[in-house]
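Written out below as structure tokens is the structure these notes cover.
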Amino acid sequence: MSVIAISDVLAGKFPVDKEISVHGWIRTRRDSKAGISFLAIHDGSCFDAIQAIAPNNLDNYQDEVLKLTAGAAVKVTGTLVESPGQGQSFEIQATQVEVLGLVDDPDTYPMAAKRHSIEFLREHAHLRPRTNIGGAVTRVRNSLAQAVHRFLHEKGYMWISTPLITGSDCEGAGEMFRVSTLDMENLPKTDKGDIDYAEDFFGKETFLTVSGQLNVETYCCALSKVYTFGPTFRAENSNTSRHLAEFWMVEPEIAFADLADAATLAEEMLKYVFKALLEERADDMAFFQQRVDKTVIDRLNAVINKDFVRMDYTDAIEILQNCGKTFENPVSWGVDLNSEHERYLAEEHVGGPVVLQNYPKDIKSFYMRLNDDGKTVAAMDILAPGIGEIIGGSQREERLDVLDKRMGEMDLDPADYSWYRDLRRYGTVPHSGFGLGFERLVAYATGMQNVRDVIPFPRTPNNAAY
RNA sequence: UCCCCUGUAGCUCAGCUGGUUAGAGCGGUGGACUGUUAAUCCAUGUGUCGUCUGUUCAAAUCAGACCAGGGGAGCCA
């Protein structure tokens, strides 16, 4: 039989006075001496639970219905009716309440019908999705992911499945996790006494990817408009509310495009996905507005309706130097901006997302295109109020001689990048792209303060439970 | 990795200038009441006081180490 979603029932997609069945988990049970019990049942399909009325003449009323507690699983069959009570439009007059699974110890069931701290929920990641906040985050995350794919698909971008296991130890974006099948208790050694990775699964050292960018550039230089959207891994010892060891990243790559094209695509994408979110998940967003961040909906609407400010790094330095504020870290041309600087620019000076671009070459990666001034590269960061850097991107260096020179300056061995260099040897073209940290996007869109609470099973230093 | 804060009942916390049987709210359980909305009212509290070591006649309370969580910083997405 097909299972009916509670979201469809509450949306009025089923005729009243007809029999239906719903499946789900009990949120609360309230008993009335009028001879009925009220069951609030949720199935995750929407924010709201549906109310079922269980009369005390059900066969299993005493033995089972009265034992239902938060978290128990049920199938309820009955007549869909318009609710005479306040707070819901429809409810089910149950003729049958089938108990699929009770909670064996309600006293210690972690997700009791009460407020919990966000940290407590995080430590019960397997039960967290049953809560209002866990369900809402999950639905918003899904809505945003689908909107990202839809937006890029409609724009003609092709989704490229770049590898998670990489043989290049030089992706240049942080510490990497090693992938190996060697016996760590008994490592094979070469004559020189080093670990012999020729004995390893791939016959060489391999790692989990820190970015799909270098790989997706190869497909960009063949299919023109491409993107990756998948997990990435960084073995950095980062303990912040903005970093994960395993996180998801959206990385579009556009051929025949400059930095401004990439910034435009990023801006259009953010506007598109936030608009889709507000339309698709009004119920969840109302919850976040009420309980998590009073400004979240206004903030998203501001992003949708305002043009992003674009600002050169050089101008940003001037603004920071002349703003009259004293920063812990002094500002001068050539320094990398700190959180406090980025926050001032996005939150106070602009009051919205800002595209910072054309950074000094010395603080950016080798593959970013050198500008004509010889001092800066065509790189951009999009800074969002409250969360900081949400997007990082650049125009890629397409000139082989300049690329080689930059690699030389940064002590990188061109031999390690032979296939990447080939793209510049065989029909090279200007191209640009960016990376969007998906968890940061979800955090920004919900008002959640910590990316660990917007990914189902967060991976952070010392934490890989579940 | 660095700085700061925290770790007491299923959960959120109080207690901590060391001193008899460690408390409250919520949850749960029992009852009352009610077409109820995490309802209301009454009753119900034996928990390695994060772990280990030390100081002391005496440690939840003081000290040290360690572990865990949070906030900030750095790295970045």
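From a predicted model like this one, the values you see are computed outputs, not experimental measurements. Proteins come first, then strands; the chains are lettered A, B, ... in the order of their sequence lines, and each starts at number 1.
- The aromatic rings of A:Phe233 and A:Phe177 sit perpendicular, their planes meeting at an angle over 60°, well past the 30° parallel limit.
- Within the 4.0 Å cut-off from OP1 or OP2 of B:rG72, at least one side-chain nitrogen or oxygen of A:Ser241 is found.
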* To do: Could you please spell out the steps behind the side-chain contact (heavy atoms from CB on, under 4.5 Å) verdict for A:Asp283 and A:Cys46?
  => CA-CA 8 Å; A:Asp283 55 348; A:Cys46 58; 3.7 Å; yes
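- At B:rG74, one or more side-chain N or O atoms of A:Asn338 fall inside 4.0 Å of OP1 or OP2 (strictly under the cut-off).
- Within the shown strands, B:rC11 is the pairing partner of B:rG25 under the Watson-Crick or G-U definition, both distances less than 3.5 Å.
- If you measure from atom CD of A:Gln51 to atom C1' of B:rU34, you get 13 Å, rounded to the nearest angstrom.
- A 6.0 Å sphere centred on CD of A:Gln449 holds no more than 12 heavy atoms belonging to other residues, nucleotides or ligands.
- Here the closest heavy-atom approach between residue A:Arg150 and residue A:Tyr272 is recorded as NE-OH, 3.3 Å.
- The CZ atom of A:Phe327 sits 13 Å away from the P atom of B:rA73 (whole-angstrom rounding).
- A:Gln213 comes within contact range of no nucleotide atom at all, as no heavy-atom separation falls under 4.0 Å.
- If you check B:rA65 for Watson-Crick or wobble pairing at under 3.5 angstrom, you find it paired to B:rU51.
- Residue contacts for A:Glu123: at a heavy-atom cut-off of 4.0 Å it reaches the sugar-phosphate backbone alone, with no base atom in range.
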* A:Asp453 vs A:Arg128, salt bridge (Lys or Arg N to Asp or Glu O under 4.0 Å): CA-CA, chis, key distance, verdict -> CA-CA 9 Å; A:Asp453 300 317; A:Arg128 180 167 66 161; 3.3 Å; yes
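- Contact between the side-chain N/O atoms of A:Asn450 and the OP1/OP2 oxygens of B:rG71 is found at a separation under 4.0 Å.
- Taking the nucleotide of RNA chain B with the nearest heavy atom to each of A:Leu68 and A:Thr28, the more 5' of the two is matched to A:Leu68.
- Summarising the geometry, the separation between CD1 on A:Ile390 and P on B:rC76 is reported as 18 Å, rounded to the nearest angstrom.
- Using a 4.0 Å heavy-atom distance criterion, A:Ala113 is classed as a base contact.
- In the set B:rA32, B:rC75, B:rA77, B:rA32 carries the atom at the smallest distance from any side-chain atom of A:Lys33.
- Across all strands shown, B:rU1 forms a Watson-Crick or G-U wobble pair with B:rA73, both key distances being under 3.5 Å.
- Looking at A:Ser238, its side chain has no donor and acceptor atom pair within 3.5 Å of the base of B:rC76.
- Proximity note for A:Arg234 (side chain, C-beta onward) versus B:rG69, B:rC76, B:rU36: the nearest is B:rC76.
- A donor atom on one side chain and an acceptor atom on the other are found under 3.5 Å apart for A:Arg310 and A:Thr264.
- At the heavy-atom level, A:Glu340 lies nowhere under 4.0 Å from the strands shown.
- Spacing between atom CZ of A:Arg242 and atom P of B:rG74 amounts to 7 Å, rounded to whole angstrom units.
- Across all strands shown, B:rU46 forms no Watson-Crick or G-U wobble pair with both distances under 3.5 Å.
- The base of B:rU37 is not paired with the side chain of A:Glu91 by any donor and acceptor separated by under 3.5 Å.
- Taking only distance into account, the side chain of A:Glu389 never meets the base of B:rG74 through a donor-acceptor pair shorter than 3.5 Å.
- Listed pair A:Arg440 / B:rC76 fails the phosphate criterion, with no side-chain N or O lying under 4.0 Å from OP1 or OP2.
- Applying salt bridge (charged side-chain N to carboxylate O under 4.0 Å, His left out) to A:Asp284 and the options A:Arg141, A:Arg139, A:Arg291 leaves one that passes, A:Arg139.
- Rounded to an integer number of Å, the gap from A:Asp381 CG to B:rC75 C1' is 13 Å.
- Ring-centre distance between A:Phe366 and A:Tyr417: below the 6.0 Å cut-off.
- The phosphate of B:rG35 has OP1 or OP2 within less than 4.0 Å of a side-chain N or O from A:Ser32.
- As judged by a 4.0 angstrom heavy-atom cut-off over every strand, A:Ile391 is placed among residues touching the sugar-phosphate backbone only.
- In this structure, A:Arg452 reaches the B:rG70 phosphate: one of its side-chain N or O atoms is under 4.0 Å from OP1 or OP2.
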Name the pairs: protein N/O against N/O of nucleotides 3-14 of chain B, kept only if under 3.5 Å.
from	atom 1	to	atom 2	distance (Å)
B:rC11	O2	A:Lys114	NZ	2.5
B:rU12	OP1	A:Ser117	OG	2.9

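- Using modelled atom types, one side-chain atom of A:His341 and one backbone atom of A:Asn329 make a donor-acceptor pair closer than 3.5 Å.
- Residue A:Thr240 places no side-chain N or O under 4.0 Å from the OP1 or OP2 atom of B:rG71.
- Closest contact between the side chain of A:Pro106 and the listed nucleotides B:rU29, B:rU1, B:rG74 involves B:rU29.
- When rounded to the nearest whole Å, the span between CH2 of A:Trp248 and P of B:rC76 equals 24 Å.
- A cation-pi arrangement, defined by a distance under 6.0 Å to the six-membered ring centre and an angle within 45 degrees of its axis, is absent between A:Arg299 and A:Phe274.
- The base of B:rU34 has none of its N or O atoms less than 3.5 Å from a complementary donor or acceptor on the side chain of A:Asp31.
- Listed nucleotides B:rG35, B:rG71, B:rA73 differ in distance to A:Ile36; the shortest reach to its side chain belongs to B:rG35.
- When the nucleotides B:rG35, B:rU29, B:rA39 are ranked by their closest atom to the side chain of A:Arg30, B:rA39 comes out on top.
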